[in-house]
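What follows is a short report on a single structure.
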Number of protein chains: 2
Amino acid sequence: MSEPHLLPLLGAPPQERRDAARNRERLLDAAKELVEQVGAHAVTMDAVASAAGVGKGTLFRRFESREGLMAAVLDHSETEWQARVMSGPPPLGPGADAWDRLLAFGRTRLETTLLHAELIREAGRSGARASGAYSFAATHVRYLLSQLGVSGDVPLLAVAILAPLELPILEQVSLDGFPVDRFYDGWVDLVGRIVTPPGAAART
Amino acid sequence: MSEPHLLPLLGAPPQERRDAARNRERLLDAAKELVEQVGAHAVTMDAVASAAGVGKGTLFRRFESREGLMAAVLDHSETEWQARVMSGPPPLGPGADAWDRLLAFGRTRLETTLLHAELIREAGRSGARASGAYSFAATHVRYLLSQLGVSGDVPLLAVAILAPLELPILEQVSLDGFPVDRFYDGWVDLVGRIVTPPGAAART
DNA sequence: GATCAAAACGGACCGCAGTCCGTTTTCTAT
DNA sequence: ATAGAAAACGGACTGCGGTCCGTTTTGATC
């Protein structure tokens, strides 16, 4: 006669225990705090654990690795941008035409990448960019490209459009000594060439 | 009366002492050997030092860091490719027209990047890609673009052409599940769009 | 409210990158 | 050949990321 006391909630991950949830929060808060105070590069796992008043083992069980922790911190920050893209005001959000949205996307993407540069670097490839944030961006660009009626291998063109805005590329470039401002203009030119099929009229 | 015994050789780095040079070579050989045997990710600095019969301090003085060492190993491998580009047979080397050279460049660049993927990853950004190899590639592409009479911000277009061939991008992409083969075709399409100005005739 | 298995905890412990500093080698000058 | 300073050497040492495992907490069951 006894059934599991709470709704089985089909297929959902077994539900996190209360202490686990509490500690996850403490750890994330402590991490964000420390990142802000001393910079991501100087944050040690021991420091985070003890600032959160939690054992080191727990920290690693929750976040897998240092990179994983940084990715979690980063993810939190980037979620806000994703929201702006999906449901914020135009031209970034819905409502403007696809071309203008694409340009706004590029500009803000560049800005957030630079803003979170250190965190992105520390998150390494385990991180947000690889899974969450990057595939969101890719999906969005693919969508805009299809709206623009771009022909060809749209997924790959999306990659090409995003690539120059990724941190590793930006880092290599600025070593070659580019002013960042010029970068956006160059990117717009690039996108124009990709979007406008050969033989069509030029774009403004 | 006594002058420095050997030609002062204007401005040249003070010349490496003989033991230093010998040890550098031993270390590099040991490193290459170990990388080959167990894979770059499993090579420890202690292992390299003791395989070379040299102290750890020496290893770090010569190569700065683990990443620096990996970069040195990588550099050695990539030099051969650079030579093919600059003076090998066409279409990669000089002799073919710029468009064909550009395509050959892209294909071989993609190949070598994938071939050396592990080393590139281990070399991190301290490495060859950042300084040596990357700027070589960028310079070459700029040159080919100008040969093709491309208008616009050539240095930036070169960045855009190279970016999708860089490892971090390739890694993100194949997570999205692209077959690698398709990639080259997509890249050719991209380059075509960049090189062919809007309104001009399409390319073969 | 008592019982019990599963899950989470925490800190001692390990391996490796990178530093430090007393010792040895090399090279120049005489 | 010899002396002396500069440069290179090497291995003990430190700090940090990550693991392991005996102990504690949770929450479902009766």
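Labels below follow one simple rule: chain letters A, B, ... track the order of the sequence lines, proteins then strands, and each chain is numbered from 1. The figures here come from the full heavy-atom set of this structure, side chains too, leaving out hydrogens, waters and symmetry mates.
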Is R18(A) atom CZ crowded by more than 12 heavy atoms from other residues, nucleotides or ligands, each under 6.0 Å away? no
Sugar-phosphate means primed atoms, P, OP1 and OP2; the rest is base. With that split, encode nucleotides 19-25 of chain C 5' to 3' as B, S or - using protein heavy atoms under 4.0 Å. B-----B
Less than 4.0 angstrom between a side-chain N/O of N23(B) and OP1 or OP2 of dC9(D), yes or no? yes
Spacing of Q15(A) atom CD relative to dT26(D) atom P, expressed in whole Å: 14 Å
Rounded distance in Å - CD (E16(B)) to C1' (dA8(D)): 10 Å
Side-chain atoms of residues 34-45 of chain A: list all donor-acceptor pairs with protein atoms under 3.5 Å, sequence neighbours left out, distances to 0.1 Å.
| from | atom 1 | to | atom 2 | distance (Å) |
| --- | --- | --- | --- | --- |
| Q37(A) | NE2 | E33(A) | OE2 | 2.8 |
| H41(A) | ND1 | E118(A) | OE2 | 2.7 |
| T44(A) | OG1 | A47(A) | N | 3.0 |

Atom-to-atom span, CZ of F63(B) to C1' of dA17(C) - whole angstrom: 16 Å
How would you list, by chain and number, every residue that makes a salt bridge (Lys or Arg N to Asp or Glu O under 4.0 Å) with R24(B), sequence neighbours excluded? E16(B)
Check: S146(B) side chain, Y143(B) main-chain N or O, donor-acceptor pair, under 3.5 Å: yes
Give one of base, sugar-phosphate or nothing for R62(B), where a contact means two heavy atoms less than 4.0 Å apart. sugar-phosphate
Can you list, by residue number, the residues of residues 32-53 of chain B that have a non-hydrogen atom closer than 4.0 angstrom to DNA chain C? V43(B), T44(B), M45(B)
Indicate yes or no for a side-chain donor-acceptor contact from W187(A) to the backbone of L162(A) under 3.5 Å, with no hydrogens or angles considered. no
What residues form a salt bridge (Lys or Arg N to Asp or Glu O under 4.0 Å) with R26(A), not counting sequence neighbours? none
Between T58(B) and dA8(D), does any side-chain N or O lie under 4.0 Å from OP1 or OP2? no
Donor-acceptor contacts under 3.5 Å from residues 100-107 of chain A side chains, at least two apart:
| from | atom 1 | to | atom 2 | distance (Å) |
| --- | --- | --- | --- | --- |
| R101(A) | NE | L92(A) | O | 3.1 |
| R101(A) | NE | G93(A) | O | 3.0 |
| R101(A) | NH2 | V85(A) | O | 2.9 |
| R101(A) | NH2 | L92(A) | O | 3.2 |

Considering residues, nucleotides and ligands other than E64(A), do more than 12 of their heavy atoms fall under 6.0 Å from its CD? no
CD of E67(B) versus C1' of dG18(C): gap in Å, rounded? 13 Å
May I ask you to evaluate whether R18(B) reaches the phosphate of dA8(D), defined as a side-chain N or O under 4.0 Å from OP1 or OP2? no
Would you mind reporting whether P168(A) and E166(B) have side-chain heavy atoms less than 4.5 Å apart? no
